[in-house]
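Notes follow the structure.
Model, not experiment: these values are computed from the prediction.
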Amino acid sequence: MTYFNREFNYKIIVKLLCEYKGLNERDSIKILEDEDCKHLLFLLLKKYNCIDIDELNKDFSIDSKKKIDRRLKAAEKKLLYNKRIREMYFEAENLIQKIQ
């Protein structure tokens with residue numbers, strides 16, 4: 001059951017960010033072009049325990065744990081000192097909770 005929740009949450013997060021950027025889910029890799037969305041993606045994936053190298057490689061061409069760790073560390077720093085990222089994070093979190 002946990003795996004399916006992780007997969008479901010992963011899809012919700014990607015879909016939410018695609019809708020925010022006005023993208024189709026097929027173009028989800030473009031999420032990484034926007035720094036704020038990239039940081040938000042990794043923060044939400046960590047919060048909902050959805051970090052899966054295979055899925056990230058398939059959707060975003062991220063193929064190593066080291067890349068994920070670096071991007072996650074940068075996202076956590078941004079969350080601390082960037083008010084806009086914090087607001088986006090909490091808004092996205094509320095939307096995900098409503099969907100679940």
Output for pair (N5 CG, N49 CG), nearest 0.5 Å, gives 10.5 Å
Separation between CD1 (I31) and CG (D36), nearest 0.5 Å, reads 13.0 Å
Any side-chain heavy-atom pair of F60 and L41 under 4.5 Å: yes
Rounding to 0.5 Å, atoms NZ (K77) and CG (N82) come to a distance of 14.0 Å
Heavy atoms of I12 and I96 approach each other most closely as CG2-CG1, 3.9 Å
*For residues K46 and E76, determine if any side-chain heavy atom of one lies less than 4.5 Å from a side-chain heavy atom of the other.*
yes
### Query
Should we say atom NZ of K38 is surrounded by more than 12 heavy atoms from elsewhere, each under 6.0 Å from it?
yes
4.5 Å side-chain heavy-atom contact, Y10 and L56:
yes
Show me, pair by pair, the donor-acceptor contacts under 3.5 angstrom made by side chains of residues 17-28, not counting sequence neighbours?
| from | atom 1 | to | atom 2 | distance (Å) |
| --- | --- | --- | --- | --- |
| K21 | NZ | D34 | OD2 | 2.9 |
| S28 | OG | E25 | O | 3.3 |

Separation between CD1 (I85) and CD (E35), nearest 0.5 Å, reads 8.5 Å
Under a 4.5 Å cut-off applied to non-hydrogen side-chain atoms, are I62 and L32 in contact?
-> yes
Q) Is the closest side-chain heavy-atom distance between D59 and I29 below 4.5 Å? A) no
Expected list for residues 86-94: side-chain donor-acceptor pairs under 3.5 angstrom, two or more places apart:
| from | atom 1 | to | atom 2 | distance (Å) |
| --- | --- | --- | --- | --- |
| R86 | NH1 | L79 | O | 3.3 |
| R86 | NH1 | L80 | O | 3.0 |
| E93 | OE2 | K47 | NZ | 3.2 |
| N94 | ND2 | F90 | O | 3.3 |

Output a table of donor-acceptor pairs, distance under 3.5 Å, between side-chain atoms of residues 67-75 and any protein atom two or more places apart or on a different chain; print 'none' if there are none.
| from | atom 1 | to | atom 2 | distance (Å) |
| --- | --- | --- | --- | --- |
| K67 | NZ | D63 | OD1 | 3.3 |
| D69 | OD1 | K65 | NZ | 3.2 |

dist C50:SG -> F8:CZ (nearest 0.5 Å) comes out at 10.5 Å
